[in-house]
Visitor: 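One structure, pasted below without further comment.
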Protein chains: 2
Amino acid sequence: MTTRVPRMNDAESRAWLALVGTSQLLPAALDAQLQADSGITHFEFMALSALNTAPELTLRTSDLAVRTYATLPRLSKVVSRMEARGLVERVPCPGDARASNIRLTRDGRKALLLALPGHLALVRAEVIGRLSEPQLEALAEALEPVLEALADDPRFPWARGGARRAETDATAG
Amino acid sequence: MTTRVPRMNDAESRAWLALVGTSQLLPAALDAQLQADSGITHFEFMALSALNTAPELTLRTSDLAVRTYATLPRLSKVVSRMEARGLVERVPCPGDARASNIRLTRDGRKALLLALPGHLALVRAEVIGRLSEPQLEALAEALEPVLEALADDPRFPWARGGARRAETDATAG
DNA sequence: TAGCGTTACTTGCCACGGCAACCAAGTACC
DNA sequence: GGTACTTGGTTGCCGTGGCAAGTAACGCTA
């Protein structure tokens with residue numbers, strides 16, 4: 001297993017450093033804005049968004065976990081916190097008493113809609129607004145296979161198949 | 001401040017979802033590999049790499065913080081942990097008794113070099129190996145301005161100017 | 001219907017990171 | 001030279017996430 005791995009050339013290195021740096025700063029920036037703007041984390045925002053675009057505003061816990069790239073314990077705790085704040089509710093799943101459905105409440109929807117404009121503004125200001133249309137295409141073309149690879153790698157079982165299914169942001173609100 | 005923010009079109013949305021997803025999964029994947037391979041986190045890896053390419057294998061605490069996109073408290077704690085494991089040492093800074101220099105120890109260098117092949121292999125397998133040369137160029141061109149914007153945004157004071165200075169990975173070992 | 005393995009979560013314990021408060025050393029001003 | 005302000009770094013407390021263990025329901029076999 002000590003196969004020789006070639007070092008990075010210039011283009012590789014630049015792309016990698018930019019990607020790693022972005023992965024470091026972006027989540028913190030998103031959290032900061034959403035937290036300040038409406039008291040939710042970016043992860044909560046993603047969860048609320050996913051619920052908002054689901055039929056009946058409801059998803060199975062494990063479905064929601066996949067859609068948000070989260071482990072089940074993490075999601076469980078986050079849902080408990082959001083439930084305590086009245087943003088979502090757990091409803092028993094008819095037909096399977098082990099499972100539970102997470103439902104977006106009216107207040108949860110309000111919080112999401114409240115957060116949305118600031119979120120979109122930030123995303124546009126920091127990311128998509130800085131890129132031309134072809135650059136956006138190229139970015140998507142480049143990162144989609146990467147995302148898929150990460151999501152499908154058996155070494156990282158957290159978000160199995162999350163890439164394929166996570167077609168849910170509030171980007172189409 | 002309630003200026004109307006346009007929704008995302010298809011290219012924007014794809015690029016954004018891919019970027020956010022990647023930012024979610026990539027750090028966890030890097031941590032998992034490095035942790036398993038040599039017992040360090042990706043953040044520690046970055047810190048060790050930065051020290052490794054510094055003159056005298058030494059950097060001021062706050063310099064290292066900038067280069068790793070870290071807050072000072074975070075870095076301080078991580079350094080304490082690494083110091084306890086013998087990977088780095090704190091040496092008083094001549095000329096300014098408040099500051100301290102962080103120095104990579106021999107063991108720290110060993111840990112870094114031990115981690116490096118697996119890390120490069122993972123990066124290649126999941127990311128750069130999946131992209132063509134033009135795609136790598138495009139990725140770098142797209143993300144560099146984003147990174148710079150994030151690092152320079154006064155709303156996110158954590159890593160002021162980190163983008164410009166963080167030309168240090170172990171990519172050139 | 002009893003028992004066994006599996007699935008769908010939930011909980012406990014621990015490690016890590018953020019913020020705010022703190023301390024110590026430098027600097028400015030008089 | 002003393003007093004105020006700033007800079008560089010560390011510490012305490014708390015919130016959050018991971019992993020491993022626990023629990024409850026399902027489903028298959030006999």
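Naming: A, B, ... by sequence-line order, numbering from 1 per chain.
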Visitor: Write down the distance between CG (Asp31(A)) and P (dC19(C)), rounded to a whole number of angstrom.
Guide: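 Going from Asp31(A) (CG) to dC19(C) (P), I get 11 Å.
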
Visitor: Tell me the interatomic distance from Met82(B), atom CE, to dT10(D), atom P, rounded to whole angstroms.
Guide: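 Rounded to the whole Å, the gap is 12 Å.
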
Visitor: Please tell me if the side chains of Met46(A) and Gln24(B) come closer than 4.5 Å, counting only heavy atoms from C-beta onward.
Guide: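 Yes, side chains in contact.
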
Visitor: Which residue, Lys77(A) or Asn101(A), contacts DNA chain C at a nucleotide closer to its 5' end, judged by nearest heavy atom?
Guide: Asn101(A)

Visitor: Check the distance between dT6(C)'s P and Leu72(A)'s CG and give it to me in whole angstrom.
Guide: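 Whole-Å distance recorded here is 18 Å.
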
Visitor: May I have the distance from Arg90(B) (atom CZ) to dG8(D) (atom P), rounded to whole angstrom?
Guide: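 Atom-to-atom, Arg90(B) to dG8(D), this comes out as 16 Å.
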
Visitor: Rounding to a whole Å, what distance do you find between Gln35(A):CD and dC19(C):C1'?
Guide: 13 Å

Visitor: Is it the case that the side chains of Arg90(B) and Asn101(B) hold a donor-acceptor pair, with the cut-off being a distance below 3.5 Å and no angle test?
Guide: no

Visitor: Quick one: on DNA chain D, does Gly95(A) or Arg74(A) contact a more 5' nucleotide (nearest heavy atom)?
Guide: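 The residue mapped nearer the 5' terminus is Arg74(A).
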
Visitor: Of Val79(A) and Arg98(A), whose closest DNA chain C nucleotide lies nearer the 5' terminus?
Guide: Arg98(A)

Visitor: Taking OP1 and OP2 of dG9(D), is either one under 4.0 Å from a side-chain nitrogen or oxygen of Ser76(B)?
Guide: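 No.
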
Visitor: Below the 4.0 Å mark, does dA8(C) have OP1 or OP2 next to a side-chain nitrogen or oxygen of Thr61(A)?
Guide: no

Visitor: Between atom OH in Tyr69(A) and atom P in dG17(D), what is the gap in whole Å?
Guide: 17 Å

Visitor: From dT11(C), dA20(C), dG18(D), pick the nucleotide closest to the side chain of Pro73(A)?
Guide: dT11(C)

Visitor: Looking only at side-chain N and O atoms, does Arg81(B) come under 4.0 Å of OP1 or OP2 in dA15(C)?
Guide: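 False: Arg81(B) side-chain N/O out of range (4.0 Å or more) of dA15(C) OP1/OP2.
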
Visitor: Starting from the 5' end of DNA chain D, give me the residue, Ser80(B) or Thr71(A), whose nearest nucleotide shows up first.
Guide: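 Result of the comparison: Ser80(B).
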
Visitor: Contact between Trp16(B) and Leu139(A) at the side-chain level, heavy atoms closer than 4.5 Å - yes or no?
Guide: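 They are not in contact (no side-chain heavy atoms under 4.5 Å apart), so the answer is no.
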
Visitor: Among side-chain atoms of Ser100(A) and Arg60(A), is any donor-acceptor pair under 3.5 angstrom?
Guide: no

Visitor: Categorize Ser100(A) for me: base, sugar-phosphate, or nothing, with a 4.0 angstrom heavy-atom threshold over every strand shown.
Guide: sugar-phosphate

Visitor: Taking OP1 and OP2 of dT7(D), is either one under 4.0 Å from a side-chain nitrogen or oxygen of Ser62(B)?
Guide: no

Visitor: Nearest whole angstrom, please: distance from the P of dC9(C) to the CG of Leu64(A).
Guide: 10 Å

Visitor: Starting from P on dT6(D), measure out to CG on Asp96(B) and report it in whole angstrom.
Guide: 17 Å

Visitor: Would you say the side chain of Val88(A) lies within less than 4.5 Å of the side chain of Arg103(A), judging by non-hydrogen atoms?
Guide: no

